[in-house]
Amino acid sequence: MTIVNDDRTDAVSTTKAALTPQEQEWVEKFMDDTTLFLGPDPEIMRSHSIAERSPYEEACIAQGVDRLEAERIRKRIAGALDEGYEMCEAQGAAPGAKWGDLTTAIYTAAGDVSYLSCHGVIAFSAILHHPIRYIMKYWKDEPTVGVNPGDGFIHNDARYGNVHNTDQSMIMPIIRDDQIIAWVAATIHEGENGACEPGGMPSGSETAFDDGLRMSPFKIVEGGHLRRDLLTFLQHSVRDPKLQLADLKVKMGAVNRIMDRINTLIDEVGVETFVAALRMTVEDVDVEVRRRISELPDGTVSFNQFMDSTLKENILIKLACKITVKGDHMTIDLRGTGPEIFNRAINSPLCSVKSMMMQAILAFWWPDLPRCTSAMSCIEIISDEGTWADAGYDAPMGQSLQASFRGFSALQASFGKLQFSNHIKYSNVVANWFNQINTFLWGGETQHGDQVGNLCADLNGMPGGAKPFKDGEDSVSPLFCAMADTAEQEVMEEEVPFMQLVSKRLVKDNMGFGKFTGGMGYEMIVASEGTPHWGFMTVTSGAKFSSVYGMFGGYGCGTYPLAMVKGVNAYEHFRRDPKTFDLSMEKVMNEQPFEGAKYTTAHMGLQFDVAKDGELYMISQGAGGGYGDPLERDPESVVRDAELGRVSAKVARDIFCVAYDEEHFRLDAEGTERLRAAQRGRRLAQGKPYAEFIKDFVTEEPPADLLYYGSWGDDTEELTATVFTVNGPERVTKTIDEMPIIMIPDRREVKISKLEQRILELETKYNDRQPVKS
């Protein structure tokens, strides 16, 4: 249970009338002095709206600010933030820092983001108003903490405002005349955080305590100096203590450099002008967003997505989203989303989902707007607490990206439909970007004797969605950062004891088919060597049910397994015969070239798996969504893709219905017309009126053997869920308030139970048999 100072109100309100003022003062002091526990403040955490103007901001704006001057201030701020960003990227120790998985930002005194760096992850800074407001409410006037010049606060706990617990922020105040006038922050995806599995994103997490470090906002820098006592605690809490120290200093240096630039600017323009410019930026964007919403057609767009596993078991859990526009008001309704699963890592706090919604808005809806909190301030979000996209305090959240990335996809895809008919578009309509974490996490002892845990940068190679006039980009950038890097494996090999035997090679047919195709994804094959202890993890869903859809007739991406070859040292084979170094997931799994090895495929929720030298782990990036009917694709483009090896002859013939000479790659125009006419004829023959289709297709409930979670049909009040009792799995349909706690049995216990049952059956069968007489 979370208890905060404000909870005392109910406890004393019933006795107020009977207490004297002196007695009331004593009671208040007693409650203040004996607060049991400060948890996340619900009032702070549920709100994403900008704060009201403070009296000081009101006075600053009343003095008048020239619009050109305000724009010059914004440009200077942007330059300072970009400089801080580049410092973090160039000096950071974490792999995430080196790839650009970070951001810098400036905030108003109340914590509203006024401006973000032009590079980096919008989502990181878009929700830092939560911890800043927490600091202002609980620590600013707390005698044992306080906020003073040179102080810096750190936090990573997503429940207090973050994307996920691998990200660590450094937040420092700008103070003039003993008054906080702004905040500056830098956030880096650090990776390793002491979770139950290395790398910071544990798919094996079953309680909130398995998620590793859970830092509520606290002061790590005092008067410009790192607090060595807290630093020592943090270093002993993670597998990579050098990383923890190095990047704390990197963030401190970057934030101090930004603050130097900002203080110089303040000296030039004056405190009042600077404060007014920050506030005007926030308010201007809020006004412009309302205006742009009013340009959209009134109506409702629905977009449902499904996750196909807990990263341990195969299930189907729903993220429901309806976006309604009426005038200048927009509502995002997440009701109908499946309930949180109390012992699995996939749950996300609502603020994390909102952060990725902000990413979609500022990177894909209106990328021309200044990057600030108010881009979403006026949008109403409705959600039921206790769902996997709005999880409670005690739920594990090691893989919160599973829900928050789907929040991004819901907004990206829905907005394409909303703005399609608009004459004025502030960005292109884009089919779904790939939205999964297709990469390897790793950990163990390096060839240098260091204990580490982190992940590869390959997740940054997410393919882009197709546009109405252009194919999507191949493995271009993650949905959360337009300018992130995928890193060079050769650089990583200097620090970690594994190689990418195949790295960033595009996979044939791995695209979202359409009139314009979604970007292609690449495959990765890794194997460790020369370490006493090492292991890999994968933390992805979408192995059975596609996580990305197409648009307006385009296909979504495929489904992707994890493949492993165990019980072999591939390096020994390559050294004996270099010609055997010819690898791809398709070739290895179909031809099985290593005699005596064990070949397996599985979904991509792999908990930390100890790897022996030369054992192969193979995965592939997904694909961006396609746009439009594949039968409308330019046939010459299909032939060119076939010649380049991007599509197979089968896909060219069966999906795009293009006929060509497979030896010389010459288009057969007449044959293509015949194939496409025949395909359209088959479609017409198979087609049904909508009412008929719905009658056959829609069922009263999910299939009986499906572990299903979420609303079924259009009803968002009641959720369907599979619960596990002493009698086995049972299906219930209840509102979220009535839903029992969902806990999934341990897979090992389930397997042991089945084996025990089988032994009992065999013992019963053979113990009843009479002994054979000689």
Side-chain angles (χ1 to χ4, degrees), residues 84-105 117 119-121 123-125 128 152 154-158 162-171 185-195 197-202 211-215 220 226 231 234-255 398 401 437 439-446 448 450-461 477-478 480-481 483-498 536-537 539:
Y85 171 92
E86 290 168 4
M87 287 177 64
C88 288
E89 187 176 39
Q91 300 173 7
K98 297 170 185 176
W99 324 322
D101 198 351
L102 62 104
T103 193
T104 56
S117 60
H119 308 80
V121 182
F124 284 175
S125 289
L128 281 195
I154 191 174
H155 100 296
N156 81 318
D157 193 337
N162 217 334
V163 178
H164 56 164
N165 288 10
T166 58
D167 307 322
Q168 295 185 20
S169 60
M170 175 63 68
I171 310 169
T187 305
I188 295 177
H189 177 113
E190 297 293 354
E192 172 53 36
N193 63 6
E197 295 171 305
M201 294 193 292
D211 291 342
L213 278 172
R214 297 183 298 163
M215 296 185 286
I220 186 69
L226 270 174
L231 171 62
L234 294 178
Q235 289 181 295
H236 279 283
S237 300
V238 299
R239 294 174 179 84
D240 196 340
K242 292 190 297 184
L243 170 66
Q244 192 69 37
L245 171 61
D247 277 357
L248 270 172
K249 289 186 174 181
V250 167
K251 289 192 285 279
M252 276 182 65
V255 171
L401 294 184
I437 318 158
T439 190
F440 288 105
L441 283 80
W442 40 259
E445 184 175 330
T446 72
H448 311 296
D450 295 328
Q451 290 293 325
V452 297
N454 228 292
L455 75 166
C456 298
D458 296 292
L459 75 101
N460 286 348
S477 69
F480 52 79
C481 185
M483 299 181 183
D485 191 5
T486 56
E488 294 295 332
Q489 176 61 24
E490 289 80 3
V491 175
M492 289 185 63
E493 286 165 13
E494 296 177 2
E495 301 179 0
V496 292
F498 70 90
F536 295 103
M537 295 168 49
V539 290

Separation of [Y] [atom2] from [X] [atom1] (nearest 0.5 Å):
X	Y	atom1	atom2	result
Tyr85	Ile188	OH	CD1	10.0 Å
Met201	Met537	CE	CE	8.0 Å
Leu441	Asn454	CG	CG	7.5 Å
Leu102	Glu190	CG	CD	9.5 Å
Cys88	Lys251	SG	NZ	7.5 Å
Ser117	Phe124	OG	CZ	11.0 Å

State, to 0.1 Å, how close [X] and [Y] come at their nearest heavy-atom pair, and which atoms those are.
X	Y	value
Gly194	Val238	N-CG1, 3.8 Å
Pro198	Trp442	CB-O, 3.7 Å
Ser477	Cys481	CB-O, 3.6 Å
Ile220	Met170	CG2-CE, 3.7 Å
Ser169	His155	OG-ND1, 2.7 Å

Is any NZ, NE, NH1 or NH2 atom of the basic residue among Glu495 and Lys98 found under 4.0 Å from an Asp or Glu carboxylate oxygen of the other? yes
If you define the side chain from C-beta out and look only at heavy atoms, does anything of [X] sit under 4.5 Å from [Y]?
X	Y	result
Asp247	Gln168	no
Thr166	Asn156	no
Val121	His189	no

For the pair Glu89 and His119, evaluate side chain to side chain contact (heavy atoms under 4.5 Å, CB included) and give the outcome as yes or no after the intermediate values. CA-CA 11 Å; Glu89 187 176 39; His119 308 80; over 6 Å; no
Do the side-chain N and O atoms of His448 and Thr446 include a donor-acceptor pair separated by under 3.5 angstrom?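 On atom types as modelled, these side chains do not qualify, holding no pair under 3.5 Å.
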Taking the six-membered ring for Trp, are the ring centroids of Phe498 and Phe440 within less than 6.0 Å of each other? no
My understanding is that only one of Leu459, Thr103, Leu401 makes a side chain to side chain contact (heavy atoms under 4.5 Å, CB included) with Phe480; could you say which? Leu459
Testing Asp211, Asn165, Asp240, Leu243 for side chain to side chain contact (heavy atoms under 4.5 Å, CB included) with Asn193, which one passes?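 With Asn193 as partner, side chain to side chain contact (heavy atoms under 4.5 Å, CB included) holds for just one option, Asn165.
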Counting only heavy atoms not in Glu488, do more than 12 sit closer than 6.0 Å to its CD atom? no
Can any side-chain N or O of [X] pair as donor or acceptor with the backbone N or O of [Y] at less than 3.5 Å?
X	Y	answer
Arg239	Ala195	yes
Asp167	Thr187	no
Glu192	Gly199	yes

Test Asp485 against Asn460 for side chain to side chain contact (heavy atoms under 4.5 Å, CB included), laying out the working first. CA-CA 6 Å; Asp485 191 5; Asn460 286 348; 5.5 Å; no
Passes side chain to side chain contact (heavy atoms under 4.5 Å, CB included), Met87 versus Thr104? Steps please. CA-CA 10 Å; Met87 287 177 64; Thr104 56; over 6 Å; no
